[in-house]
Amino acid sequence: MKVFINKRIPETGIHKLKEAGLEVFIPEHENLSYEEWLIYCQNSDAILGVGGEFKYNKDFFDQCPNIKMIALYSVGFDHVDIPEASRRNIPVGNTPDVLSKATSDVAFLLMQSVARRASYNFQKVKDGHWGGFDPLHALGQELYGKTLGILGLGRIGFEMAKKSKNAFGMEIIYHNRNRNEEAEKELNARYVSFEELVEQSDVLSVHANFTPEQKDLFNAPVFGKMKNNAIFINTARGGFQNEKDLYEALISKKIWGAGLDVTHPEPMSKESPLLELSSVCVLPHIGSATIEARTGMANIAAKNIIAFSKGEKIPYCVNPEIYKVN
Ligand SMILES: NC(=O)c1ccc[n+]([C@@H]2O[C@H](COP(=O)([O-])OP(=O)(O)OC[C@H]3O[C@@H](n4cnc5c(N)ncnc54)[C@H](O)[C@@H]3O)[C@@H](O)[C@H]2O)c1
Ligand SMILES: O=C(O)[C@H](O)CO
């Protein structure tokens, strides 16, 4: 079986695939054009897909009839047309759990960075504008006892809620597709409607999986209902926020600040007006960027492919209902 990996991943994953007797292709240069990427895919049986820039949609599947399975190097699968893959009996694997701690760490980091205006203050030091002690300048806000609202209390949202409860005694409210009984019991988390989440959160952190109908869910009317001291955090997908509306909400002080690990598009343009605001902290999609998480992701992606090559059910499948074991 020929496996195409579009970007180098931790060696452990590549080693496992080779050890299992699979032929592995990794391009010499990694920033492939869409056309180059497609040619590799057309000549492969399976793809270990890194990054979300190219879409696995009907057009892709039509042009790559040899592809029999996709092992994503991510937990998010919003760049894959799952019903289309399912229709063709192509299993799609992802990498859950191993990155939940790392990604929630970044949400927690952003929450504190925005509350204490870390990126603004760091820039001041770098620019040589440290200045003297000023009792009224660059004041942040404390998070103790504040309300953290989580949109999407799944694996990563739960880790974020746990950390915030333990560190700052934050009250946890959440909105999710389903009730999360574990979080209600362990963290005293309270289920609320989306409107209540927006209106009651001091910090609103997005951890939901993105779907096209949720594009710009956070727009002017929604930012307008948030508290004036509210901090908006997004480590899920950039499509959730309308960045023009977010900018307006920040400059008109409808909300206090924003911390983003994900933007739309990615990479964010260095001309983005959001980058000029002292109330904003932007990171370049580094949620899972730890040695531990990335190694775990490589192992899971390899496991998915190896299981498939043996005709077994892949262990982390996002379309399990269609996948028939050979
Ligand atoms: N920044 C990063 O590097 C990074 C890293 C990992 C994951 N992510 C993103 O985080 C997302 C979450 O990962 P996870 O493992 O926690 O997924 P998960 O499936 O465990 O949790 C997501 C939860 O969101 C809920 N949900 C989705 N849309 C909703 C909505 N509109 N309202 C209420 N609830 C909604 C789902 O029911 C689910 O419980 C991924 O899909 C991915 O996009 C980003
Ligand atoms: O969905 C994911 O896993 C991230 O965005 C990449 O780590």
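Just so it is clear, the model here is predicted, and its values are computed rather than measured. Remember, it's 1-based here, ligands and their atoms both numbered in the order they're listed. By convention here, the first residue in the shown sequence is residue 1.
- Side-chain contact check for Y174 and E184: at least one donor-acceptor pair (N or O, by modelled atom type) lies under 3.5 Å.
- Residues N229 and D202 have side chains that bring a donor and an acceptor to within less than 3.5 angstrom of each other.
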Only pairs under 3.5 Å count here: list side-chain donor-acceptor contacts from residues 105-117, not counting sequence neighbours, and write none if there are none.
| residue | atom | partner | partner atom | Å |
| --- | --- | --- | --- | --- |
| D105 | OD1 | K163 | NZ | 2.8 |
| S113 | OG | L109 | O | 2.7 |
| R117 | NH2 | S278 | OG | 2.9 |

Using the rule given for salt bridge (charged side-chain N to carboxylate O under 4.0 Å, His left out), can you reason through R190 versus E196, listing the C-alpha separation, both sets of side-chain angles and the distance that settles it, and then say yes or no?
CA-CA 11 Å; R190 190 161 52 86; E196 289 167 326; over 6 Å; no

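- Within 6.0 Å of atom NZ in K101, 12 or fewer heavy atoms from other residues, nucleotides or ligands are found, so the atom counts as exposed in its surroundings.
- The only option from K124, Q123, H129 that meets the side-chain hydrogen bond (donor to acceptor under 3.5 Å, both in side chains) definition with D127 turns out to be Q123.
- Residues that satisfy the side-chain hydrogen bond (donor to acceptor under 3.5 Å, both in side chains) test with H79, not counting sequence neighbours, are absent from this structure.
- Around ligand 1, the residues contributing at least one heavy atom under 4.0 Å from the ligand are V75, G76, L99, T103, L151, G152, G154, R155, I156, H175, N176, R177, H207, A208, N209, Q214, T235, A236, R237, D261, V262, H285, G287, S288.
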Dump the pairs for me: ligand 2 N or O, protein N or O, distance under 3.5 Å, to 0.1 Å.
| residue | atom | partner | partner atom | Å |
| --- | --- | --- | --- | --- |
| ligand 2 | 1 (O) | G76 | N | 2.9 |
| ligand 2 | 1 (O) | R237 | NH2 | 2.8 |
| ligand 2 | 3 (O) | V75 | N | 2.7 |
| ligand 2 | 5 (O) | R237 | NH1 | 2.9 |
| ligand 2 | 5 (O) | R237 | NH2 | 3.3 |
| ligand 2 | 5 (O) | H285 | NE2 | 2.7 |
| ligand 2 | 7 (O) | S288 | OG | 2.7 |

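- Remark: D216 does not engage K244 in a salt bridge, criterion side-chain N to carboxylate O under 4.0 Å.
- With a 6.0 Å radius and a threshold of 12 heavy atoms from other residues, nucleotides or ligands, Y144 has its OH atom at or below the threshold.
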